[in-house]
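Below is one structure, written out as structure tokens; the observations come after it.
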Amino acid sequence: MQSNYSVDEDPLSLNRIRSVLTRLEDTIIFSLIERAQFAHNPMIYQKGAFKELRDMGFEGSWLEWFLKETETFHARARRYTSPDEYPFTPLSDLPSPVLPPLVFKPILYPNGVNVNQSILAFYTKAIVPRITRQATLKLATSKRAKGISGADEFEDDGNYGSAATLDVEVLQAISKRVHYGKFVSESKFRSAPWDFIPHIQKPNPAALDALIVKPEVEQRLLLRLRKKAINYARDTTESEPPPSPPLPNEANGLNGTNGVNGLNGKIDVDGVVELYENYIIPLTKEVEVEYLMHRLDGLSQDEIEELAKRQ
Ligand SMILES: C=C(O[C@@H]1C=C(C(=O)O)C=C[C@H]1O)C(=O)O
């Protein structure tokens, strides 16, 4: 995934940052559509489930192994040296790049905010079962037709490599999107440091959250996301135009469906909207607040007062 860090325009323009977040919606939706073609395959998320990995001395899950192997190669190719991409594998377990490091103009305040373990948890436990439900049920039906019954019917189509490859793509896109919250926070902080400084000096996360939250931006995003999911997942051969998404004041609101269980061709539209509403947006805001909580770390009182005076 191309870093957006080396940009010519102002990297802290809120409009530019929001356009990156908007573009990442497309990446995330298309990656979820691809993953949804395969069954749940729960075995690939269970630590120690593969003897072959244990025999190699790896005790994690198939997916964690995939992440480690993928990120090891990407680290050698000089990924994870810009402050807008964070590996799921601890940096200490990754090799140095084969190329000399790129020099980036420091934009974010030095910080250690990383929520990738939360992203991995909610993705594997809540998102994958939901978005693969159609493929999983279709698989069970076809297995029963071949006389397979009981536990062997369900959830596993054996496509462990394809499923994990697509999981890595989704996880990297969600991680980038959520951690972009740091750029949002730096942009908002620089535009009005005097609003934030008192709630950092006397830690008040709730007050910082109230300063960064923009409900109208979130509502617009969720409506746009629903339209995208409906349209991106449509089979272009369909003759009927896609149903328009429900407006916020309509009975079924943002969680309305556009067909049975909010399914639309290749993706669970409601599942995509709820991924953002219940996980991605809340976690992005947590990153924004956590980044701000440490924005003054290491600064003297004089430096802080100088910051507060900035117009
Ligand atoms: C990202 C921003 O900050 C917050 C988080 C948002 C999100 O995760 O989509 C949207 C609006 C704000 O509540 C922003 O202001 O654009």
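Note that ligands are numbered from 1 as they come in the structure, with each ligand's atoms numbered from 1 the same way. Throughout, numbering of the chain's residues begins at 1 and tracks the sequence.
Each side-chain hydrogen bond (donor to acceptor under 3.5 Å, both in side chains) pair with one or both residues in residues 119-128, not counting sequence neighbours, appears once here: Tyr123-Asp167.
With sequence neighbours left out, the side chain to side chain donor-acceptor pair (under 3.5 Å) criterion links Gln301 to Gln201, Glu305. Every residue two or more places apart in sequence or in another chain that forms a side chain to side chain contact (heavy atoms under 4.5 Å, CB included) with Glu59 is listed here: Arg54.
Between Trp62 and Tyr160, the ring planes lie perpendicular to each other; the angle is over 60°, past the 30° to 60° tilted range.
A distance of 9.5 Å separates CG in Leu275 from CD1 in Ile281, rounded to the nearest 0.5 Å.
With Phe189 as the fixed residue, the side chain to side chain contact (heavy atoms under 4.5 Å, CB included) test singles out one of Asp195, Ile200, Leu12: Ile200.
Near ligand 1, Arg18, Leu21, Arg177, Val184, Lys188, Ile212, Val213, Lys214, Val217, Glu218, Leu221, Ile281, Thr284, Lys285, Glu288 each place a heavy atom less than 4.0 angstrom from the ligand.
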